[in-house]
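Notes for the one structure printed next.
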Number of protein chains: 2
Amino acid sequence: MNPLMSKEEINRDDDRLLEEAVAMLKKSGHRVTQPRIAILKALISEKGPIKIEDIHRRVSDRNCDLATVYRCIGAFEKIGIVRRCFFPDGSSLFEFIVGGDHHHHIICTSCRKVETIDVCVVDGLERLVHNRGYRNVSHMLEFFGVCENCAQSEDGKTD
Amino acid sequence: MNPLMSKEEINRDDDRLLEEAVAMLKKSGHRVTQPRIAILKALISEKGPIKIEDIHRRVSDRNCDLATVYRCIGAFEKIGIVRRCFFPDGSSLFEFIVGGDHHHHIICTSCRKVETIDVCVVDGLERLVHNRGYRNVSHMLEFFGVCENCAQSEDGKTD
DNA sequence: CTTGAGATTGCAAACCAATTGTAGTAACCG
DNA sequence: CGGTTACTACAATTGGTTTGCAATCTCAAG
Ligand SMILES: [Mn+2]
Ligand SMILES: [Mn+2]
Ligand SMILES: [Zn+2]
Ligand SMILES: [Zn+2]
């Protein structure tokens with residue numbers, strides 16, 4: 001995200017992303033419903049991986065059921081609107097990926113803060129996998145570690 | 001795994017790995033119990049990621065409870081005897097990593113077959129993450145795709 | 001070898017994220 | 001506008017994982 005953008009420009013950008021996602025919904029034969037719009041907005045404004053439960057909390061004032069969030073995210077994943085990420089403990093997060101560049105994350109195992117890594121050296125390897133006969137190749141890469149803040153507060157703990 | 005090794009040599013190698021894992025157990029202050037030995041043997045003979053339930057199935061004749069498998073694997077993970085891998089659907093597998101080189105996998109999203117990739121281009125990036133102030137840095141990388149067999153049988157399906 | 005402290009296990013119950021069934025609602029096509 | 005039917009809310013259910021606890025096993029000290 002460009003740090004030079006004003007808030008209006010950011011919101012305009014968010015609107016564009018929403019429109020793009022809505023277009024993908026329609027194109028894949030899905031209906032554009034109020035819960036789906038609300039969930040998409042939550043995903044877009046988060047600008048990073050987010051838990052299903054947190055999505056639900058954000059849209060709950062509009063009374064969108066948790067089961068609906070699960071079903072929508074499932075649909076979004078199939079369509080390619082969101083992508084699944086993992087915590088080292090195995091729990092899943094979902095990230096809005098429409099109109100964004102391929103990237104990966106550093107997740108602090110202590111405070112769960114998420115940082116972005118814009119480099120991806122894995123694309124070359126995907127070709128290698130393709131050459132082994134695999135089709136529909138994708139990959140997932142996450143880095144884990146203890147961030148500077150947490151390392152300081154933890155002092156001499158090995159953890 | 002060296003394909004030139006005889007079965008006896010492979011078994012000897014498995015025994016060596018078991019001893020090494022047992023040593024790690026002792027060193028970390030854990031007791032060497034019969035269920036733990038059985039689970040370690042199952043992990044070693046599998047030579048790849050395996051589901052908790054499958055581990056339990058393999059050792060069930062010795063009457064090791066499923067809860068015990070969960071607890072042991074949890075301990076093994078902390079000690080560094082096993083490492084967690086992921087299926088694209090979010091389910092977890094565990095792999096014996098003692099005495100083995102760092103590597104990654106290609107998982108067929110159709111038949112769930114697991115292949116090994118011995119190359120890891122990510123090690124360099126870990127240093128980069130470390131330079132960002134992170135400590136205790138690790139990473140996880142998985143490739144997903146449809147293997148040659150499955151692609152053939154699926155014919156023209158887009159999946 | 002024997003013994004005791006306490007780590008570990010088996011078993012059953014609890015837990016909780018995720019899924020499912022269904023009747024009602026809302027999207028959207030003509 | 002209606003009519004079709006995809007979608008949603010709600011509640012019940014599932015299935016993988018965790019937990020509490022009494023019985024058991026490990027292992028080090030004697
Ligand atoms: Mn991201
Ligand atoms: Mn492996
Ligand atoms: Zn942190
Ligand atoms: Zn396959």
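Lettering follows sequence order; numbering is per chain, from 1.
- Taking the charged nitrogens against the carboxylate oxygens, A:Asp89 and B:Arg84 have no contact shorter than 4.0 Å, which rules out a salt bridge.
- Within the nucleic acid shown, A:Arg36 comes within 4.0 Å of sugar-phosphate atoms alone, with no base atom in reach, counting heavy atoms only.
- Nearest nucleotide to the A:Glu53 side chain, out of C:dA17, C:dG21, D:dC7: C:dA17.
- The distance between atom CZ of A:Phe94 and atom P of C:dA17, rounded to the nearest whole Å, is 14 Å.
- Remark: P of C:dT8 and CD1 of B:Ile73 are 15 Å apart, rounded to the nearest angstrom.
- When rounded to the nearest whole Å, the span between NE2 of B:His56 and P of C:dC11 equals 9 Å.
- Nearest nucleotide to the side chain of A:Tyr70, out of D:dA9, C:dA17, D:dT17: C:dA17.
- Residue A:Thr33 places its side chain closer to D:dT8 than to any other of D:dT8, D:dC10, C:dA17.
- Rounded to whole angstrom, the span from the CG atom of B:Asp65 across to the P atom of D:dT17 amounts to 14 Å.
- Between B:Leu93 atom CG and D:dT17 atom P there is a gap of 10 Å when expressed in whole angstrom units.
- In this structure, the nucleotide among D:dA9, D:dT18, C:dT9 sitting nearest to the side chain of A:Cys64 is D:dA9.
- Taking the six-membered ring where the residue is Trp, A:His104 and A:His139 present tilted rings, their angle falling between 30° and 60°.
- Each of A:Cys72 and B:His30 lies near DNA chain D, and the nucleotide nearest A:Cys72 is the one positioned closer to the 5' end.
- Around CG of A:Asn131, the count of heavy atoms belonging to other residues, nucleotides or ligands within 6.0 Å exceeds 12.
- A salt bridge does not link A:Arg83 to A:Glu77: none of the charged nitrogens lies less than 4.0 Å from a carboxylate oxygen.
- Between B:Arg71 atom CZ and D:dC21 atom P the separation is 13 Å, expressed in whole Å.
- In this structure the side chain of B:His56 never reaches within 4.5 angstrom of the side chain of B:Tyr70, judged on heavy atoms.
- One interatomic measurement links the two molecules: NZ of A:Lys51 to P of C:dA18, which rounds to 10 Å at whole-angstrom precision.
- Judged by atom type and distance alone, A:Arg31 reaches the base of D:dT5 through a side-chain donor-acceptor pair under 3.5 Å.
- In this entry the distance linking CD of B:Gln34 with C1' of D:dT26 reads 12 Å, nearest Å.
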